[in-house]
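Okay, so here's the structure we're looking at.
Worth saying up front: this structure is predicted, and the values here are computed from it rather than measured. Atoms within a ligand are numbered from 1 in the order they appear, just like the ligands themselves.
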Amino acid sequence: METGLTILKVSFFLGLVVVVSCSQAPAPWNPSMGMRPGTCDHYECPTYKLVESGYGYEIRMYNSSVWMSTDPIPAPSMTQGTKTGFQRLFRYIQGDNKSKTKMNMTAPVITQITPGKEVYMYTVSFYIPKKNQQTPPLADDLHVQSWKPTYVAVRQIGGYVTDDLAIKEAVALMDSLKGTEWKFHIEKSKGNSPAYLVADYNPPFQTTARVNEILVPVDM
Ligand SMILES: *[C@@H]1O[C@H](CO)[C@@H](O)[C@H](O)[C@H]1NC(C)=O
Ligand SMILES: *[C@@H]1O[C@H](CO)[C@@H](O)[C@H](O)[C@H]1NC(C)=O
Ligand SMILES: CC(=O)N[C@H]1CO[C@H](CO)[C@@H](O)[C@@H]1O
């Protein structure tokens, strides 16, 4: 994951939590959510090993994986940025690519947030199915990211993730890691405001039983 994640840095973001409104508190941790999202029964998902399941967090070891990513999309909100990126990636898997290759939908779709001059930028990524990973179909406006095997700290949340909620849940994730070796490793390599990603397991038009995850990579 290292190659991809060096460009995924949104480090200052967690620092912003003190200035955002408190209208949407992080959801209380629901231990029953700490399982492989049901979407992965129907769609191919990247494989991982559950390393540790703690109160409010999971540590996973993801296998190496290949992703197709949009360029950073300027948008007024993460919901909007993710929707725009998802629409492009959906055309991509329907064959809008240089080899006209069709692929099945996979999960999750991952959004990375980076600050821009006026608005935030959202890079949206699609997990390439295993059978296409050797030679992913290319497209002019998309780029391939190859992630090495990596440890990731994870917190699951339901519903739609707003920018505001994502920040709060990322902070809650870091709080839940207090005193663990994982937090030590995250802070050793990334400082107090690590990068994080938002993973959506459901398409934007699915309104119920939604599963999302906040991911913070851990360098071991
Ligand atoms: C990683 O991938 C290999 C090969 O596809 C597979 O055998 C192994 O079970 C995977 N590991 C995990 C943790 O999913
Ligand atoms: C999509 O998945 C189905 C069921 O696993 C498989 O039979 C089919 O070949 C896949 N289609 C593509 C385009 O990969
Ligand atoms: C963006 C991009 O490269 N799109 C291409 C995907 O494949 C179709 C079909 O070959 C091309 O027409 C597009 O230009």
Check whether any protein heavy atom sits under 4.0 Å from atom 5 (O) of ligand 2.
no

Here the atoms of ligand 2 under 4.0 Å from any heavy atom belonging to Lys131 are 9 (O), 12 (C), 14 (O)

Would you please classify the geometry between the Phe90 ring and the Phe86 ring as parallel, tilted or perpendicular, with 30° and 60° separating the classes?
parallel

Here the pair of heavy atoms bringing Val66 nearest to Pro136 is CG1-CG, 4.0 Å

Check the angle between the aromatic planes of Phe126 and Tyr92 and answer parallel, tilted or perpendicular using the 30° and 60° thresholds.
perpendicular

Which heavy atom in Asn202 sits nearest to a heavy atom in Ala209, and how many Å separate them?
OD1-O, 3.9 Å

Can the positive tip of Arg155 be found less than 6.0 Å from the middle of the six-membered ring of Tyr57, inside 45° of the ring normal?
no

Heavy-atom protein neighbour under 4.0 angstrom from atom 2 (O) of ligand 2:
yes

Can you figure out which of Thr101, Asn104, Asn132, Ile93 has its heavy atom closest to atom 11 (N) of ligand 2?
Asn104

Shortest protein contact, atom 13 (C) of ligand 2 (heavy atom only):
Lys102 O, 3.4 Å

